[in-house]
Amino acid sequence: MSRNDAAPGTVTQPPGRIRRMLSHLYIQCLIAVLLGAAVGGLWPSVGADLKPLGDGFIALVKMFIAPIIFCTVVHGIASMGNARAVGRVSLKALVYFEVLTTVAMVIGLVVVNVVKPGSGLHIDLSTLSTKGLPPEATTAHEGFAAFLLAIVPATLVSALTGNEILPVLLVSVLFGFGLHASGEAGLGIARGVEKFSTVLFTLIRWIMRLAPIGAFGSMAFTIGHYGLGTLRHLALLVGSFWLTALFFVLVVLGTVMRVNGLRLLPFLRYIKEELLIVLGTSSTEPVLPRMMAKLQHAGASKPVVGITLPAGYSFNLDGTAIYLTMGSVFLAQALGIHLSLTQQLAMLAVMLLTSKGAAGVTGSGFIALAATLSAVPHVPPAALALIFGVDRFMSEARALTSLVGNGVATLAVARWEGELDEDRAKAVLRREIPYAPAPAPSAVTAEPDPTETPVPTHAPVPAAS
C-alpha cells in the first residue's frame, strides 16, 4: 500500500518538523556556512569564484544602511522629551564606548605581549611587498584635522550616498535637532521620516531572505581563495586573537550584563540568527535593522536604540580595537622591532582615533590597522603584507565581537538612562516573550512600526535639573 493510500492516522512521523527547522534563518545560515566551507575546501577555484554572491548581498544591504541610520537617529532625537535628554544619552553612550574600547585595546596589548605570536619569525622587511594590498592600505593617511573635516559631507544628500557612517551620523543629528527645535513645523516631517523608515525596514526584511546565499558565497570565497593552509604559519596569531575576543565577550561584556541585571549567554542565544549572518558575511551591517528591532523588543526604548546602536557602529568597534593592538605589536615582533611601553601606549592613543568611523564591513579593521601604522613611525606599513593572507580569518571574530559589544552597549545605556524595561528584558531573554518580526503592513499609511513588536510605552526622558 502506498503512502497516499494509507489510512488516516497511520502516519507517525511529523512531516512538518524539518520544514519548521529549515524555516529559521539561523538554521539556513548555518547550513550555508558549512556548505560554503566545504565547497571552498574541496573545490578552491569554484569557491573563489563565488565571491560575487557575498559581495552582492552586502552591497544590497549597504544600499539601505545610510537611510536607515538617518531615519532612526532623526526619529530618536525628534521623539525625545527635549534636546538636553538627547545630549545626555549621547554623552553617556560616548563615555561607555571610550571606556570599553580602551579596555579592549589594553586586553589585546597584554595578550600579544604575553603570548608573543610574532617572536622568532625574523621577517626581513626587504622581502615584503605592498603589491596585492588594498589601495586604501597603501594610501597616506592625514592627521586629526583632516579626520574631522572628512566627517563633514560635501552636501546634505552626499552623506546618504557615501560609504562612511560618521557623515551620516552628523547629518542625522543636525537634522533631528532641527526638527526638534521647529515645533509644529517639524512634526509632520518627523512623522514622514518614521513612515519612510517603515518602508525601508520592509525592504530590508525581504533582502535578509538572501542572507544564506551571501553567507555561502562569502565563506566559500574565504576558504577557496586563502585556503586553510595559509593559517599554518600564523596560526598562533589567529588563534590567540580569537581566544582574546572570546575572553572579552564572555568576561568583560558578561560583567557589563551582570552589572545591568541581565545575563550574557541568554542574550547571545537571543541574537543567534544575527551572529550566524555576521559569521558568514564577516560584516555587521546586514544585521543592523534586525538588531534595532530585537533590542526594542527586549525593552530598550526606541529613541535610545535609535541613537546608541548606529553610533556604536562607528565608535564602539571592540573587535577592531583588539585587532589593532594585537596586529601592530605582532608585526613589530615579526620584524624584530622592539617597542617600549611608552611607544605601545602612544600607538594605543593613535588607535583610539583610527578605530573610529570604520564601518562594520569586511576588511575595515585591516584598513584601520593601515591607518594606525601610517600615523606612527615605529612599524612600516609594508609589514601589512605579512598578515594580509590571514586577515579574513580574523575578520569574523572582529565583526562578532563588535556586534555583541554594540548590543550590550545599547542595553547598558538604556538602563543607565532609565529607558530599559528590565522585567520585559529578562522575560525576553528567558524566551517567555518570543521575538517574531511583524508582518509587512498592507499600506504605507499603517501606523505600527514593522520593526518591533509592541513594547510598553516609555515616558519621555525628563530634562536634567
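Just so you know, these numbers use all the heavy atoms, side chains as well, and skip hydrogens, waters and symmetry mates. On a predicted model such as this, the values are computed, not experimentally measured, just so you know.
Residues Val112 and Pro117 are in side-chain contact: their nearest non-hydrogen atoms beyond the backbone lie under 4.5 Å apart. Side-chain contact between Asn316 and Leu100 is present, with heavy atoms from C-beta onward closer than 4.5 Å. Counting heavy atoms from C-beta on, the side chains of Leu268 and Val404 come closer than 4.5 Å. In this structure, Val408 and Tyr96 have side chains that are in contact, with non-hydrogen atoms separated by less than 4.5 Å. Looking at heavy atoms from C-beta onward, Ile31 lies out of side-chain contact with Pro212 at the 4.5 angstrom threshold. The side-chain heavy atoms of Tyr313 and Leu403, taken from C-beta on, include a pair separated by under 4.5 Å. Considering only heavy atoms from C-beta on, Met105 stays 4.5 Å or farther from Leu109 through its side chain. Side-chain contact between Leu262 and Lys426 is present, with heavy atoms from C-beta onward closer than 4.5 Å.
The side chain to side chain donor-acceptor pair (under 3.5 Å) analysis of residues 238-250, with sequence neighbours excluded, yields no pairs. The side chain to side chain donor-acceptor pair (under 3.5 Å) contacts involving residues 63-73 comprise nothing, where partners must be two or more places apart or lie in separate chains.
The two atoms that bring Gly108 and Ile322 nearest to each other are CA-CG2, 4.2 Å, heavy atoms only. Shortest non-hydrogen contact noted between Leu309 and Met291 is CD2-CB, 3.8 Å. Across all non-hydrogen atoms, the minimal contact from Phe97 to Thr308 is CZ-O, 3.6 Å. Here the closest heavy-atom approach between residue Leu170 and residue Pro153 is recorded as CD2-CD, 4.2 Å. Asn260 approaches Glu422 most closely through the heavy-atom pair O-OE1, 4.4 Å. Heavy atoms only, all atoms of each residue included: Leu253 and Val249 are closest at CB-O, 3.2 Å.
Panel note: side chain Ser402, backbone Gly319; a donor-acceptor pair is recorded below 3.5 Å. Counting only distance, with no hydrogens or angles, the side chain of Gln344 and the backbone of Leu339 share a donor-acceptor pair below 3.5 Å.
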- Task: Could you give me the CA-CA distance, side-chain angles and deciding distance for Met326 and Met394, then say whether side chain to side chain contact (heavy atoms under 4.5 Å, CB included) is met?
- Result: CA-CA 11 Å; Met326 294 192 67; Met394 294 184 281; over 6 Å; no
query = How far apart are the C-alpha atoms of Val304 and Val413, what are their side-chain angles, what is the distance that settles it, and do they pass the side chain to side chain contact (heavy atoms under 4.5 Å, CB included) test?
reply = CA-CA 8 Å; Val304 173; Val413 172; 4.2 Å; yes
What verdict does the side chain to side chain contact (heavy atoms under 4.5 Å, CB included) test give for Thr325 and Val329, after you've listed the backbone C-alpha separation in whole Å, the side-chain angles of each residue and the deciding distance to 0.1 Å? CA-CA 6 Å; Thr325 50; Val329 177; 5.5 Å; no
Open item on the list: Show, in sequence, the C-alpha distance, side-chain angles and deciding distance for Phe267 and Leu411, and conclude whether the side chain to side chain contact (heavy atoms under 4.5 Å, CB included) test is met.
Closed with: CA-CA 11 Å; Phe267 178 68; Leu411 294 176; 3.9 Å; yes
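Here Glu273 contributes atom CD and Leu30 contributes atom CG; the two are 11.5 Å apart, rounded to the nearest 0.5 Å. Taking OG of Ser283 as the reference point, atom CZ of Arg398 lies at 11.0 Å (rounded to 0.5 Å). Distance check, rounded to the nearest 0.5 Å: CG of Leu348 to OG of Ser328 gives 9.0 Å. Summarising the geometry, atom SG belonging to Cys29 is positioned 11.0 Å from atom CG belonging to Leu275; distances are rounded to the nearest 0.5 Å. Atom CG of Leu200 sits about 5.5 Å away from atom CD1 of Ile68, to the nearest 0.5 Å. Once rounded to the nearest 0.5 Å, the distance linking OG1 of Thr284 with CG of Leu317 reads 7.0 Å.
Applying the side chain to side chain donor-acceptor pair (under 3.5 Å) criterion to Arg430, with sequence neighbours excluded, gives Glu432. For Glu274, the salt bridge (charged side-chain N to carboxylate O under 4.0 Å, His left out) test picks out Arg290, Lys294, with sequence neighbours left out. Residues meeting the side-chain contact (heavy atoms from CB on, under 4.5 Å) test with Leu250, sequence neighbours left out: Leu246, Leu264, Leu265. For Thr342, the side-chain contact (heavy atoms from CB on, under 4.5 Å) test picks out Ser340, with sequence neighbours left out. Listed by chain and number, the residues in a ring-ring contact (aromatic ring centres under 6.0 Å, His included) with Phe175 are Phe70 (sequence neighbours excluded). The side-chain contact (heavy atoms from CB on, under 4.5 Å) search around Arg263 returns Arg258, Pro266, not counting sequence neighbours. The side chain to side chain donor-acceptor pair (under 3.5 Å) check on Lys92 picks up Glu417, with sequence neighbours excluded. Applying the side-chain contact (heavy atoms from CB on, under 4.5 Å) rule to Leu60 yields the partners Met63, Ile207, Leu210; only residues at least two apart in sequence or on another chain are considered.
Note on ring orientation: taking the six-membered ring where Trp is involved, the planes of His297 and Tyr435 are perpendicular (angle over 60°, cut-offs 30° and 60°).
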If you look only at distance, which donor and acceptor atoms sit under 3.5 Å apart when one is on a side chain in residues 39-56 and the other is two or more places apart or in another chain?
unit_1: Lys51; atom_1: NZ; unit_2: Asp55; atom_2: OD2; d: 2.5

